[in-house]
There are 2 protein chains.
Amino acid sequence: MFYICSMLSYTEENYLKALLKLSFQNEDKPEAGTNEMAAYLGVKPATATDMLKKLKEKELVTYKKYGKILLTETGKQNGIAILRKHRLWETFLYEKLDFSWDEVHEVAEQLEHIQSAKLVDKLEEFLNFPEFDPHGDPIPKANGEIPTIDKILLSELKENELCKVVAVKDTSTVFLQYLEKLRITIGTPIKVLERIDFDGSLSIQIAGEEARNVSMKFAESLFVKR
Amino acid sequence: MFYICSMLSYTEENYLKALLKLSFQNEDKPEAGTNEMAAYLGVKPATATDMLKKLKEKELVTYKKYGKILLTETGKQNGIAILRKHRLWETFLYEKLDFSWDEVHEVAEQLEHIQSAKLVDKLEEFLNFPEFDPHGDPIPKANGEIPTIDKILLSELKENELCKVVAVKDTSTVFLQYLEKLRITIGTPIKVLERIDFDGSLSIQIAGEEARNVSMKFAESLFVKR
DNA sequence: TATAAAAGTTAGACTAGTCTAACAAATATA
DNA sequence: TATATTTGTTAGACTAGTCTAACTTTTATA
């Protein structure tokens with residue numbers, strides 16, 4: 001078990017994190033394609049191909065020409081380490097420095113690359129070993145374990161069901177700011193009053209307030225727990 | 001007053017910070033030479049020359065071939081902004097995350113390059129607007145002002161004089177760890193019992209404990225206030 | 001199954017930051 | 001002041017990460 005290697009460049013770290021995120025997205029088969037990865041990182045496919053060769057050389061991914069990309073165990077653990085840092089920093093910014101939901105990501109993108117094992121662990125302790133970040137995403141433990149929570153989309157609820165918000169699926173600024181306007185945060189209770197079959201929209205009650213209509217798109221962007 | 005520009009690379013920031021530090025060192029004339037700067041940054045003089053041209057192009061330094069290097073007002077303000085971040089992060093690591101005196105610098109070297117005006121200001125607020133960092137060095141304010149304190153070297157004191165430690169001149173790990181061993185931190189009271197003319201060493205009393213001899217080198221590495 | 005479209009690769013070029021080796025200017029000193 | 005030493009510059013090369021343009025392989029589909 002000699003997984004986390006600190007000899008990764010800023011860029012290599014970003015590729016590993018992207019690959020990890022993509023592997024979460026395509027749940028069943030955690031593979032990614034070159035173009036997919038390039039698009040995710042905002043680089044050209046040619047650039048991604050070059051980096052892939054490098055990552056393969058370092059045994060962080062397995063892949064062969066024209067084939068799919070898969071993280072090796074080492075690659076995965078390194079990716080998880082970066083994700084851990086990202087989410088701990090997001091939590092710090094949100095809880096200690098009063099950053100808003102939609103502001104934390106950008107800064108955490110930078111902070112996640114700081115190299116110092118002590119820093120990460122002390123930060124985690126300082127934050128009281130949080131299990132989920134401000135968006136409700138699980139924060140990997142130092143050993144690479146990722147906490148789970150059974151969550152479903154708001155859109156999956158039946159009429160009259162009660163739930164609590166546990167995470168956001170969409171982390172775009174527009175959505176997060178809309179949630180803030182509706183005064184929805186992690187933990188907010190929601191009751192589904194009515195489902196409109198016509199367009200998939202819902203009538204919901206947020207924290208006991210008066211009824212409000214939300215779109216299908218909205219209901220499919222919010223994770224809740226019954 | 002349109003000083004702080006965020007379009008500086010990681011490397012450019014380091015050059016500005018180095019130039020600022022060197023200007024503090026050579027108090028009377030805040031100029032630096034190419035070799036001096038290169039040595040400080042751990043690069044070769046040829047490399048420094050190249051960067052200098054770039055910084056001159058951006059109007060962050062004034063300098064002409066074979067001449068001395070001087071920061072422009074813009075260059076100075078940018079350097080101060082980086083120093084501010086560095087010292088605020090050091091304070092954070094020391095006070096909130098229990099880093100020791102000699103561990104903070106290395107990590108702060110990385111953290112100082114995080115780009116986010118909000119982050120710096122919020123961090124400062126979170127730390128309660130500290131004026132001095134763990135080494136006793138002044139933390140520049142958001143407007144570029146640098147707090148001052150009248151400090152003298154321990155070696156300048158006469159026999160029987162009392163003082164308090166306010167800063168360290170030498171920030172090397174060996175020295176900081178030695179101070180820790182002697183249980184000297186910022187604020188510790190010291191009394192000079194005897195000056196030994198032969199070798200410049202002193203007999204001192206630390207926080208009322210029993211007498212102890214320290215070398216001239218030691219006495220010239222510690223700043224105190226009468 | 002032949003072919004068009006999509007996905008992926010290669011080759012060659014560019015930038016930022018670094019180096020070494022050779023050279024030029026400034027300064028110190030005999 | 002002539003020369004040796006120190007200081008600083010230039011030229012050319014290398015690496016990491018990026019690009020564009022042309023090419024190849026895979027896949028989807030008519």
Side-chain angles (χ1 to χ4, degrees), chain A residues 5-19 22-23 25-26 29-71 75 78 82 109-110 112-113 115, chain B residues 5-19 22-23 25-26 29-71 75 78 82 109-110 112-113 115:
Chain A
C5 82
S6 59
M7 287 310 134
L8 296 174
S9 70
Y10 192 100
T11 313
E12 287 169 333
E13 291 195 343
N14 278 335
Y15 277 83
L16 290 182
K17 194 185 52 162
L19 249 9
L22 289 173
S23 83
Q25 260 169 48
N26 319 340
K29 44 171 87 172
E31 307 169 323
T34 304
N35 287 1
E36 191 184 4
M37 186 172 140
Y40 189 92
L41 286 160
V43 298
K44 299 292 168 195
T47 310
T49 300
D50 286 349
M51 182 54 81
L52 245 23
K53 287 183 195 161
K54 211 165 126 192
L55 295 177
K56 188 188 175 179
E57 202 52 47
K58 294 194 174 185
E59 300 192 35
L60 295 162
V61 303
T62 58
Y63 121 105
K64 52 187 171 312
K65 254 197 199 180
Y66 298 102
K68 291 294 176 187
I69 310 148
L70 200 59
L71 285 170
N78 276 280
I82 298 154
E109 285 283 294
Q110 299 178 59
E112 75 193 5
H113 298 290
Q115 307 278 204
Chain B
C5 82
S6 60
M7 286 311 136
L8 296 174
S9 72
Y10 192 100
T11 313
E12 286 169 333
E13 291 196 342
N14 278 336
Y15 277 83
L16 289 183
K17 194 185 54 162
L19 247 11
L22 288 174
S23 83
Q25 259 169 49
N26 318 343
K29 43 170 90 173
E31 308 169 323
T34 304
N35 287 2
E36 192 184 2
M37 187 173 139
Y40 190 92
L41 285 160
V43 298
K44 298 293 167 193
T47 310
T49 300
D50 285 349
M51 182 55 80
L52 244 23
K53 287 183 195 160
K54 211 165 125 192
L55 295 177
K56 188 189 175 179
E57 200 53 47
K58 294 193 173 186
E59 300 192 34
L60 295 162
V61 303
T62 57
Y63 120 106
K64 52 187 173 308
K65 254 197 197 177
Y66 297 103
K68 292 293 176 186
I69 310 148
L70 199 59
L71 286 170
N78 276 279
I82 299 155
E109 285 283 293
Q110 299 179 59
E112 75 193 4
H113 299 290
Q115 307 278 204

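A, B, ... follow the sequence lines: proteins, then strands. Residue 1 opens every chain. Basis for what follows: all heavy atoms, side chains included, without hydrogens, waters or symmetry-related copies.
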- Note on the structure: The salt bridge (Lys or Arg N to Asp or Glu O under 4.0 Å) partners of A:Lys58 (sequence neighbours excluded) come to A:Glu12

- Query: What integer distance in Å separates A:Asn35:CG from C:dA6:C1'?
  - Reply: 8 Å

- Given atom CE of B:Met7 and atom C1' of C:dA16, what is their separation to the nearest angstrom? 16 Å

- Can you tell me how far C1' of D:dT15 sits from CD of A:Glu57, to the nearest Å? 16 Å

- Message: Below 4.0 angstrom, which residues in residues 40-52 of chain B have at least one non-hydrogen atom near DNA chain C?
- Response: B:Val43, B:Lys44, B:Ala46, B:Thr47, B:Asp50, B:Met51

- Task: Round to the nearest Å and state the distance from A:Leu55 atom CG to C:dT9 atom P.
- Result: 13 Å

- Sorted by chain and number, sequence neighbours left out, side-chain hydrogen bond (donor to acceptor under 3.5 Å, both in side chains) with B:Glu112 holds for B:Lys17, B:His86

- Who passes ring-ring contact (aromatic ring centres under 6.0 Å, His included) against B:Tyr10, sequence neighbours left out? B:His113

Close N or O pairs between protein and nucleotides 2-4 of chain D (under 3.5 Å):
none

- Item | Nearest heavy-atom neighbours spanning A:Leu22 and A:Ala32 | CD1-CB, 4.0 Å

- Message: Rounded to whole Å, how long is the line connecting atom CE of A:Met37 with atom P of C:dT9?
- Response: 10 Å

- Residues from residues 61-71 of chain A lying under 4.0 Å of DNA chain D - heavy atoms: A:Tyr66

- Message: Please determine whether side-chain contact (heavy atoms from CB on, under 4.5 Å) holds for the pair A:Leu8 and A:Leu60, giving the CA-CA distance in whole Å, both sets of side-chain angles, and the decisive distance to 0.1 Å.
- Response: CA-CA 10 Å; A:Leu8 296 174; A:Leu60 295 162; 3.6 Å; yes

- With a non-hydrogen cut-off below 4.0 angstrom, is A:Tyr10 in contact with a base, only sugar-phosphate, or nothing? nothing

- Note on the structure: Minimal heavy-atom distance between A:Lys68 and A:Gly33, with the atoms involved, is NZ-CA, 4.1 Å

- Item | Beyond-backbone contact of B:Tyr15 with B:Thr47, side-chain heavy atoms, under 4.5 angstrom | yes

- Note on the structure: Between B:Leu70 and B:Pro30 the two heavy atoms that sit nearest each other are CD1-O, 3.2 Å

- Take atom NZ of A:Lys53 and atom C1' of D:dT15, then tell me their distance rounded to the nearest Å. 16 Å

- Below 4.5 Å, heavy atoms only, C-beta onward: do B:Leu52 and B:Met37 meet side chain to side chain? yes

- Interatomic distance, B:Asn14 CG vs C:dA16 P [rounded to whole Å]: 17 Å

- Query: Hey, are the side chains of A:Asn14 and A:Tyr40 touching, using non-hydrogen atoms and a 4.5 Å cut-off?
  - Reply: no

- Shortest non-hydrogen separation from B:Ile69 to B:Thr34 and the atoms involved: CD1-N, 3.8 Å

